[in-house]
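Read through the structure below, which is laid out as structure tokens, and then see the notes.
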Amino acid sequence: MPKVKLNGKEIEVKPGTMLIDAFKQAGEDIAHYCYHPGLPTAGVCRLCMVEIEGNPRMQIACNTVVTEGMSARNNSDKVKEAVRWGLNFHLINHPLDCPICDQAGECGLQDQYMKFGKYTPEMSEQKVKKRKVVSLGERVVLDSERCILCSRCVRFTSEITKTNELGIFNRGDHAEIGTFEDKPLNNNYSMNTVDICPVGALTSKDFRFRQRVWYLKDASSICTGCSTGCKIRVYYNEEGLFRIKPEHNPEVNGYWMCDKGRDIYKHVNPEARLQEARWGQVGNWQVKDIAEALREAGEAIRASVRDSHHSKVALVLTGQQTLEELTAAVKFFLSDLNSRDIYHWINNPEEMEKFDGLLFRGDRNPNTKGLLSLLASEKVSATWAQLEGKLNSHEIETLMVVGPEDPGVFPDLAAKLKLFAKAKRLVWLSSARVAAVDQVTTATWQIPLKSFFEKDGTLVNAQGRKQTLRKIATLIPAAVSVDQAVAVMSGREKAVPMGKFELNWKKTNFFVGERGSL
Amino acid sequence: MSIVNKPGAISTWYLPGILSGLWLTLKYMIRNLFDKKKMPTLNYPEEVYQYGPRFKGNHILTVKKDGSIRCTACMLCATNCPAQCISIVAAESADQRVEKYPIKYEIDILRCVFCGYCEEACPVDAVRMGPEWQTAGLNGSSFSYDIQHLAYRPQLKGGILSRVDDEERHKFGI
Amino acid sequence: MFELSREGIEFVKKEMTRYETKRSAVIPCLFRVQKENGGWVSPESIAYLAQLMDVPERWVQEVATFYTMFNKQPVGKYHVQVCCNISCAMAGGREMTDKICQSLGVEEGAVSKDRRYTVSRVECLGSCGTAPMMQVNDDYYENLSADKAVKILRELE
Amino acid sequence: METKLLSQHYDKPEYVSLKGYLNLGGYEVLKRALKMEPKAIIDEVKASGLRGRGGAGFPTGTKWTFLPENGEPRYLLCNADEGEPGTFKDRIMLERAPHQLIEGMIISAFAVKSAKSYIYVRGEYQMCIRKLEKAIREAYDAGFLGKNILGSGFTHDMDVYSGAGAYICGEETGMISSLEGKKGQPKLKPPFPAVQGYLAKPTIVNNVETLAAVSLILRDGAAAYRKFGTEKSPGTKLFSVSGNVKKPGVYEVPLGYPLADLIQVECGGLDPGRRLKAVIPGGSSAPVLTAEEAMKATMDYECLQGMGTMLGSGAVIVIDDSNCMVDLLKVIMHFYHHESCGQCTPCREGTGWLHKIVHSIVSGEGRLQDVDLIPRVSRQMMGRTICALSDAAAMPAISFVEKFRDEFEFFVREGRSKVKGHLHA
């Protein structure tokens, strides 16, 4: 472990650490744009200048490996001057776009100017004009005038996705990023280029102009878009959820996440949600108090068991809920009802094992591994064919289905609902509002569930890693988690703790300057 | 050094205070009765006081030369507003040179404290505080000013031109 | 739609194995494409070459836009490049360019009406001892004067 | 006095062909060299004190010893991407004596144990490329290249690669990028090319003149080579003289030769009636010398460095009093603005900024503070970037403004050049 002295602070770092990382580790501010720990070094922004003892020339910290006894500083006047001028050079051709730029508030140029810049601009000549509002496919918008040519996005597409869409064309101060002939940047990881863009050159079409970033609060969570389980950061305010960005987790996703995962906030927002408990069937739905609905549903299930000497109930589970919820549901059937009719609904069997080699998996349930191991440990071996047989022969009286959080990844949803409708009564628990459920012809209770945003729990990803989900806020007051629901259904509890709409942070300035590094 | 004059014994009696107050009222009543010209109050609404030209009253959204709204929906005014009375919804403009513009810009004038911070925060001279101050209305909704009212109300005679012009800015290479 | 000639395709195939990496062949192949495309590289020709070489278009486009010898705009039959760098500027290279443009009736950088000439100012061509000079397509003409240059250009077939 | 070592036979047209070259004693050194130990060749080059002739003046023998010891494939690249304004010596060498370079390269490749070499020629030199390709074919046919050269067991292949018009490809890592088929953007150092160069393999990059001089050193021995030049700058060097002299051209003189003599004797002095105003001694990126300084200068690395400028590629640009320095700086700044590869911010933005400032002065819109701004911006560009192009743009800008400040201030104040009758005023 080499010991280094940075700005007089002595710290110990891992061998092979880059000096810039050592500075960050020491808690010292160091300006930079082009350096990104997840990408190969480019060394082109020339901002992370440091003075290394024994070297008369200033060096860039992002291309210097620490050595034992190295002593470096970046708080000398010489370095400060270099950084100030480095920023000056970055800004002379940068447009004064901040009022309409989505990046404003979390912009590298703004943050670092406030930290290291603060000079009087002296450029009085015309700026170089470049192209603005160039659409690059479905998700990304390019403004090459704002670009500072740090080449992060180019390195991302050439080294991480290896799709090579983006390049820097022309040379000198006319250099521009772009794709060949504005071809769309439609790979499944394109939005990472927006994340790593330190300025507003690449912006997200989905998020564009919807909120100013300082109005957004953020919290850490786990992506439920597929079984990889990337660590994410959710951005929200009183108007709902607005975007999702990846957070660094070296064990799972590194610095990245896929574009599909970024859409999961859409089915958390109230407009996509089942807002209250309902009872009825097609054409005749009644809104019910959640506790009452649960009590009724529970009685119906228990009645089906009581009335018959062999089980007339069945439970259908998906890999979309947390381990705790699934366990509660399974325990309810095994111990309370003494039924082993528990089935795993596999939404896309032919794609379950697919993997794109980077992050995205064909199994689009966050907790399939957890569900499988739970069923295996409880020695539940019922197959889907058995359920189909029982339903077709109308053997099942009450069917309880813990449905999907994201109906979009269940292509067989309508077909499966037709099958479920063969039961006499259906208890449908789901966080999503599914139009097909409203068409069900059998007596149905619709119980609103909580989304991943609103509950604590454990998810087991495809690697078998247990990851903890933390509750961030409540959006739907009536929604319950499966374990809360089961507690009432089994008769152990009389009521559920009613949630309160908690997404009531005022849209004030959360001063994102402190939100994090670039 | 400040000198504190402790109240004397006489001022602890309330009667002299009441009498001197009543005397003042009586004095002005008599004066106003006989010399109406010197009366400082106005008979509003028959008479209206003329404020100075720099008076900061009701908001105006300025317009560009082509009559479209100058505001770029940067939300700096809304962010800066201590009363949180401005709400803006931005949208993407079909004109690429404009890029972003507000489809909703509302000021809840009942919450407004007329501090002028919005005007100060605006980077493009899009919101100004004008000379009007009569904000009477019949119901709650008439105190919520929308774009139509803020930019194009009849008093503004077609809109106030913003000092910041995009064409000029492009010419100077900003 | 641009396509290389049969010899051109063969040339590309050969260049792709000539160097240690396929990518090295991008520059020589682009020269070939430029030659066959009438002196400039069009976006279609770049797309075509990228497909032929089985490399990302971005590689070819980056190279084509980075180097000045690849013309991104159509040029005349004779691409006249007059050096206007320091030694040539001192010897009157810039005045010579103006004179040439004037005499040939062509705007700098544009193609003349008869599609014969494109005149452009370029940086040092390594002929400083014999300034002023110009390059017409691949050939150097040195020790010029404005009149001499115009005469040479007029006499080109 | 001109000392023709390298350029001894440049005036003989037959020297271009293999036959003529052999008749004049060509490839004799190669035959001898192949019998030597590679280490001995490196030692000889080291002993000669040969310094890189491309611009940086780094000792060649030392550069060769940077190669790692293991037997990885390694490359020898010849830098014939001569782009520095004012320089045209390499072109003369390639046109008049391609075999001289090829021989030097085979010997150098043998010394550094490289099996493959490339000559990277700038794309505009089409004639040189044709001549080189022909010469290489001849060398292959005569058995000087290919497998088992002259029975020595040494195998070497050589190829020519044409650049496509980018000054930056004259920088060694820029050239390597270009040779890899990418944009010619310089690479981050470390790792240095001798460790990870072309295709991340150890690579040696040398200038045309340097490689040609290697065979010369082996022919006469290091001691004989050291007889020319100065202690620290031994040998002779080709100087490309251009500008306002009677006989511009390439002259080979020993290092340490007085600049005044080079101008007055070799080049026949200035045009009658003209006075010397300034001299750029090492290509457009070298800081300018005033007439007084130029008269005192000798052409070697140390003296010029002592005067705050550099020998560079040996391109002497003579400027007489008919030229306006503001105008010339604009020409130079336009060049660097045009040639910056756009990778590092200080260079990309700085070169453009400098050009714009000088341009606005020349077009009569300058402000007096701009005159100070030029050196201030320039100083912040120096030593801040991956390669030296930023310095190359900054150095002349600083020296022009500092040494000819009156002309700049006059231009700003009066809106015209101080030089009477100057056309671009």
Side-chain angles (χ1 to χ4, degrees), chain A residues 31-35 40-49 55-60 62-65 78-79 81-94 109 119-128 147-151 154 158 167-177, chain D residues 165-169 173-174 182-191 334-361 363 365-367 369-370 372-374 376-387 389-391 393:
Chain A
H32 67 92
Y33 291 121
C34 68
Y35 175 76
T41 307
V44 296
C45 74
R46 317 305 290 181
L47 276 187
C48 58
M49 290 281 183
N55 195 335
R57 270 178 67 131
M58 277 184 283
Q59 299 291 314
I60 49 170
C62 65
N63 195 40
T64 310
V65 179
K78 199 173 153 192
V79 174
E81 171 98 344
V83 173
R84 197 155 43 238
W85 272 86
L87 274 160
N88 198 348
F89 285 128
H90 273 97
L91 285 163
I92 58 170
N93 280 322
H94 189 80
L109 286 173
Y119 52 82
T120 337
E122 287 172 286
M123 162 98 169
S124 61
E125 279 76 24
Q126 277 248 345
K127 294 189 179 205
V128 181
C147 174
I148 55 164
L149 296 162
C150 69
S151 80
V154 177
S158 70
I168 297 179
F169 306 122
N170 296 324
R171 70 182 184 204
D173 60 4
H174 286 81
E176 261 184 74
I177 58 162
Chain D
Y167 168 68
I168 194 64
C169 294
T173 51
K182 302 173 187 163
K183 295 181 287 179
Q185 289 182 325
K187 297 180 176 189
L188 267 181
K189 285 156 273 191
H334 178 269
F335 173 72
Y336 289 107
H337 180 199
H338 184 257
E339 296 297 344
S340 169
C341 81
Q343 202 176 193
C344 307
T345 310
C347 171
R348 175 183 72 232
E349 307 293 350
T351 52
W353 193 2
L354 286 179
H355 177 222
K356 283 178 194 168
I357 297 174
V358 185
H359 184 87
S360 67
I361 293 180
S363 39
E365 288 159 12
R367 306 164 300 171
Q369 66 258 42
D370 285 343
D372 282 320
L373 192 59
I374 294 171
R376 235 149 38 82
V377 172
S378 304
R379 289 222 162 77
Q380 298 301 333
M381 291 163 63
M382 286 173 76
R384 300 278 161 83
T385 49
I386 292 177
C387 78
L389 191 139
S390 185
D391 302 61

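To find a chain, count down the sequence lines: A is the first, B the second, and so on, and within it residues start at 1.
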Does any backbone or side-chain atom of [X] lie under 4.5 Å from a heavy atom of chain A? Answer side chain, backbone, both or neither.
X        : value
D/Lys189 : backbone
D/Glu339 : both
D/Thr351 : neither
D/Ile357 : both
D/Leu373 : side chain

**OP:** Below 4.5 Å from any heavy atom of chain D, which atoms of A/Leu149 appear? Answer side chain, backbone, both or neither.
**Re:** both

[atom2] on [Y] to [atom1] on [X], rounded to 0.5 Å:
X        : Y        : atom1 : atom2 : answer
A/Arg46  : D/Arg348 : CZ    : CZ    : 12.0 Å
D/Thr385 : A/Ile60  : OG1   : CD1   : 10.0 Å
D/Asp372 : A/Glu122 : CG    : CD    : 10.0 Å
D/Arg384 : A/Leu47  : CZ    : CG    : 10.5 Å
A/Ile148 : D/Glu349 : CD1   : CD    : 9.5 Å

Original post:
Does A/Asn170 have any side-chain contact (heavy atoms from CB on, under 4.5 Å) partners at least two apart in sequence or in another chain, and if so, which?
Top reply: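 Scan of A/Asn170 (side-chain contact (heavy atoms from CB on, under 4.5 Å), adjacent residues dropped) gives C/Thr65.
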
Subject >> Listed partners of A/Thr64 passing side-chain contact (heavy atoms from CB on, under 4.5 Å), at least two apart >> reply: A/Leu19, A/Ile52, A/Gln59, A/Met70

Compare all side-chain heavy atoms of [X] with those of [Y] and state whether any distance is below 4.5 angstrom.
X        : Y        : answer
A/Val44  : D/Gln185 : no
A/Phe89  : D/Val377 : yes
D/Gln380 : A/Arg84  : no

Subject >> Best-contacting candidate, A/Arg57, A/Met123, A/Met58, against chain D by heavy atom pairs under 4.5 angstrom >> reply: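 Heavy-atom pair counts peak at A/Met123.
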
Original post:
So which of A/Ser151, A/Gly167, A/Gly86, A/Ala82 has the largest heavy-atom pair count under 4.5 angstrom toward chain D?
Top reply: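 Maximum pair count with chain D is reached by A/Ala82.
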
Subject >> Side-chain donor or acceptor of A/Arg171 paired with backbone N/O of D/His338 under 3.5 Å >> reply: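 Yes; judged by distance alone, with no hydrogens or angles, the pair exists.
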
Original post:
Step by step, would you call D/Lys356 with A/Val128 a side chain to side chain contact (heavy atoms under 4.5 Å, CB included)?
Top reply: CA-CA 11 Å; D/Lys356 283 178 194 168; A/Val128 181; 3.7 Å; yes

Original post:
What residue, out of D/Pro346, D/Gly350, D/Ser340, D/Gly352, has the most heavy-atom pairs lying under 4.5 Å from chain A?
Top reply: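 The candidate making the most pairs under 4.5 Å is D/Pro346.
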
